[in-house]
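A quick write-up on the structure given underneath.
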Amino acid sequence: MEIVDGRLTGYVLGEIVDQEAKTKWLLDLSEKFRIAVQDTIAIGDGANDIGMVKTAQIGIAFCAKPALKKIADVIIDERDLELVVPYL
């Protein structure tokens with residue numbers, strides 16, 4: 001959010017990170033670090049994570065909305081990131 005003179009202006013700064021941006025980010029990182037997409041894991045909690053979670057080899061819905069749970073390979077409903085470790 002843009003702030004001018006200590007007040008919110010109502011304008012948004014920077015890029016909007018939507019479903020396509022997150023999927024592209026996963027693919028770009030995969031290429032940059034020379035990691036095959038089939039060797040990636042993506043973790044998300046909402047509908048805007050669907051593309052990224054579907055693209056990764058393992059998609060984890062972490063305390064997620066129903067839309068993401070429907071397509072995820074793994075669902076974790078407990079707020080404990082240690083539960084992700086076995087999939088790494």
With no hydrogens and no angle check, is any side-chain donor or acceptor of Glu2 less than 3.5 Å from a backbone partner on Leu13?
no
When rounded to the nearest 0.5 angstrom, what is the spacing between CG in Asp28 and CD in Glu31?
6.5 Å
Can you get from Phe62 to Ile41 by hopping between Ile, Leu, Val, Met, Phe, Trp and Tyr side chains that sit under 4.5 Å apart?
yes
I'd like to know whether NZ of Lys24 has more than 12 heavy-atom contacts from other residues, nucleotides or ligands below 6.0 angstrom.
no
Hydrophobic clustering (ILVMFWY, side-chain heavy atoms < 4.5 Å, transitive) - are Leu88 and Ile35 grouped together?
no
So, does Asp77 use its side chain to make a donor-acceptor pair with the main chain of Cys63 at under 3.5 Å?
no
Common cluster, Trp25/Ile43, ILVMFWY with side-chain heavy-atom separation under 4.5 Å
no
Nearest heavy-atom approach of Thr55 to Val37 is O-CG1, 3.3 Å
Taking all heavy atoms of Asn48 and all of Val17, pick out the closest pair and write down the distance.
ND2-O, 3.7 Å
Does this structure show an ion pair linking Asp45 with Lys65, if we count only N-O contacts that are shorter than 4.0 Å?
no
For the CG atom of Leu68 and the NZ atom of Lys70, what is their distance to the nearest 0.5 Å?
11.5 Å
Donor-acceptor pair, distance only, cut-off 3.5 Å: does the side chain of Ser30 make one with the backbone of Leu26?
no
